[in-house]
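Below: one structure, written as structure tokens.
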Amino acid sequence: MMNLSALYGGSPQEKARIRIVYALLGTAFFIPLHLYVMEVFFAAACILAVLYCLRYGVPQHRDMPLMVPAALFAAAALVSLAGSPRALFGAAFYMFTVYQYILLYIGVILFVRGERERRLFVCVIMAGAAVVAFYGLYQYVHMLTLQESEWVDSSAFPLLQRRMYSTLYNPNLLSAYLLTVMGVTASVSLWVRKKVYKAAGLGFFCLLALCLLLTYSRGAWISAAVMAFILGLIWDRRIWVVFLAIPAVLLFYHGGIADRLISIFGHREADTSVAMRLDMWSDTVEMWLDHPFFGIGWGAFKFAYPAYNELIQKAGITIFHCHNLFLNILTETGLAGFITFFTFFFGHFHYGRLQLLKACKESFSYMLAAAVICVVAAISVSGLSDDDLFSTQVSMIFWLISALFCNDYAENAQGRENGLRNYSH
């Protein structure tokens, strides 16, 4: 872990850097817990970073993987605002989302140094998730459900009475957040060598898995299965034994979870969510065809969609996104944003695979590469039926994990390059 005495015993420049790192750690901890508190820490980190750069210059940085497509996506999303029906709102939304994601990404890349600091970020991410999980269980047990009827379709699922959402405002957003942290937690649990740490990590993973079940998010359950498959490929194929739990649940348990699980493999007339999504996706494709290159504008879906759906227009219902990550990015930012974002997004598979091939399986770098691959895979699968990255909290945690991985990858690449240079001399 970082040494607190560095704030008092190090050089003024190093102490200034450490303050920025601690502000970023506060940001990481509060991302899932409270947006306003998170913004306070993040604003502090940004102010401290600006002061650092004014006094000491921009920190020396290595060529970072995925930095170019990330920056190009930010530019494409900004350009898309030219076609937005609410440009001022779009600009404000852009600053609160994409601009923040890029700043967090760059901040971690520039100011976080060394494996110990990256380990501390991983610990803080898991600590924040523990608060989310325990509060969610308390909430679920005491039925402290916000707008419960909005998230429970009792006509299609009469056994389903409540869904956990914890601090994420929405069960589907909670499930997306849990998936990202589960990818990290599973990799950490499989990586650590001490039995007590491994047992604690696996216990915490089971806690997160229980919370995921209680969100009753079917897309997230499928994503978790894909994550388990990938973990088996990367770490140990014995992990696939967990798939035996699915028939066991269906055979011996006949409550709301089993009912919801069975619905994945069949169609029910009363279950309107599938039909609603199909209609929405058809309308979304029409929207994109009308604005193919630069889209309708970042964050403008809720303003543009009623013109393409008469029922929604008459009902006065606000639909914030099209419940599909890929279509939503395509429609709001056009081909320019779609190509750049998913070059960045799926680029994690490429660099993650390279890291797995180069790093020792016992290394922190191997663990971090496995974690980011699991996170991207899980979001990709759940993104087929929802736009999880619409949530600022889910996106911030994703960009944070991405930045930690890219920071680690670049540092390892620099170390190998220095080693070869020294060897040649």
Side-chain angles (χ1 to χ4, degrees), residues 1-33 36-68 70-71 74 95 98-128 184 188 351 355 359 363-365 367-369 371-372 395-419 421:
M1 293 181 67
M2 291 167 57
N3 188 354
L4 286 170
S5 64
L7 280 174
Y8 306 99
S11 67
Q13 182 175 352
E14 179 64 6
K15 287 190 286 187
R17 186 190 71 83
I18 292 294
R19 291 190 188 98
I20 297 169
V21 174
Y22 277 128
L24 289 171
L25 285 167
T27 302
F29 180 74
F30 282 103
I31 284 173
L33 303 179
Y36 293 149
V37 178
M38 182 272 288
E39 292 289 356
V40 170
F41 277 96
F42 189 53
C46 291
I47 292 170
L48 290 171
V50 170
L51 294 175
Y52 180 99
C53 292
L54 289 175
R55 172 170 286 189
Y56 304 109
V58 177
Q60 183 180 5
H61 62 282
R62 304 159 294 275
D63 292 333
M64 291 292 171
L66 305 176
M67 174 66 87
V68 171
M95 296 294 290
V98 176
Y99 188 65
Q100 282 199 135
Y101 307 155
I102 293 295
L103 286 181
L104 176 64
Y105 186 77
I106 294 174
V108 170
I109 283 175
L110 291 183
F111 294 102
V112 175
R113 297 175 187 170
E115 182 179 313
R116 285 189 176 185
E117 292 183 10
R118 289 189 288 272
R119 286 192 185 196
L120 185 54
F121 271 91
V122 170
C123 291
V124 168
I125 289 171
M126 293 173 66
V184 174
V188 169
Y351 287 103
Q355 187 87 307
S363 68
F364 178 82
S365 297
M367 182 281 295
L368 200 54
V372 81
S395 281
M396 286 286 277
I397 206 72
F398 164 71
W399 282 83
L400 173 61
I401 293 170
S402 170
L404 290 172
F405 166 73
C406 291
N407 179 288
D408 183 78
Y409 183 93
E411 193 169 286
N412 288 334
Q414 185 67 42
R416 287 190 292 268
E417 183 180 323
N418 292 339
R421 188 181 297 115

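As the structure is a prediction and not an experimental result, all values here were calculated from the model.
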- Closest non-hydrogen atom pair, Ala44 against Ala23: C-CB, 4.3 Å
- Message: Under 3.5 Å, is there a donor on one side chain and an acceptor on the other for Glu117 and Asn407?
- Response: no
- Query: How long is the span from the CZ atom in Phe405 to the CG atom in Leu66, to the nearest 0.5 Å?
  - Reply: 7.5 Å
- Query: Which atom names give the shortest non-hydrogen contact between Cys406 and Met64, and what distance separates them?
  - Reply: O-SD, 3.7 Å
- Roughly how far, to the nearest 0.5 Å, is CD1 of Ile31 from CG of Leu104? 6.0 Å
- Count the heavy atoms of every other residue, nucleotide or ligand shown that sit under 6.0 Å from OH of Tyr99, and state whether that count exceeds 12. no
- Below 4.5 Å, heavy atoms only, C-beta onward: do Val372 and Tyr351 meet side chain to side chain? no
- Would you call the rings of Trp399 and Tyr101 parallel, tilted or perpendicular if under 30° counts as parallel and over 60° as perpendicular? parallel
- Message: Just so I know, are the side chains of Phe111 and Tyr52 near enough to count as touching, which here means a heavy-atom distance under 4.5 Å?
- Response: yes
- Note on the structure: Closest heavy-atom pair, Ile125 versus Leu404, reported as atoms and distance to 0.1 Å, is CD1-CD1, 4.1 Å
- Inter-residue atom distance Arg19.CZ - Tyr22.OH, 0.5 Å rounding: 11.5 Å
- Task: Supply the atom-to-atom distance Phe42 CZ to Leu24 CG, rounded to the nearest 0.5 angstrom.
- Result: 7.5 Å
- Distance, nearest 0.5 Å, that separates CD1 of Ile18 from CG of Leu25: 9.5 Å
- Item | For Gly128 against Leu33, the heavy-atom pair lying closest together | O-CD2, 3.8 Å
- Message: Please enumerate all residues that pass salt bridge (Lys or Arg N to Asp or Glu O under 4.0 Å) together with Glu115, with sequence neighbours excluded.
- Response: Arg119
- Query: So, for Ala127 and Phe29, which heavy atoms are closest and what is the spacing to 0.1 Å?
  - Reply: C-CE1, 3.9 Å
- Query: Of the non-hydrogen atoms in Ala28 and Leu400, which two are nearest, and what is the gap between them?
  - Reply: CB-CD2, 3.5 Å
- Item | Spacing of CD belonging to Glu411 relative to CD1 belonging to Ile109, to within rounding of 0.5 Å | 12.0 Å
- Is the closest side-chain heavy-atom distance between Val40 and Phe30 below 4.5 Å? no
- Can you tell if the side chain of Pro12 reaches within under 4.5 Å of the side chain of Arg55, non-hydrogen atoms only? no
- Message: Between Val21 and Arg17, does the side chain to side chain contact (heavy atoms under 4.5 Å, CB included) criterion hold? Intermediate values first, please.
- Response: CA-CA 6 Å; Val21 174; Arg17 186 190 71 83; 3.7 Å; yes
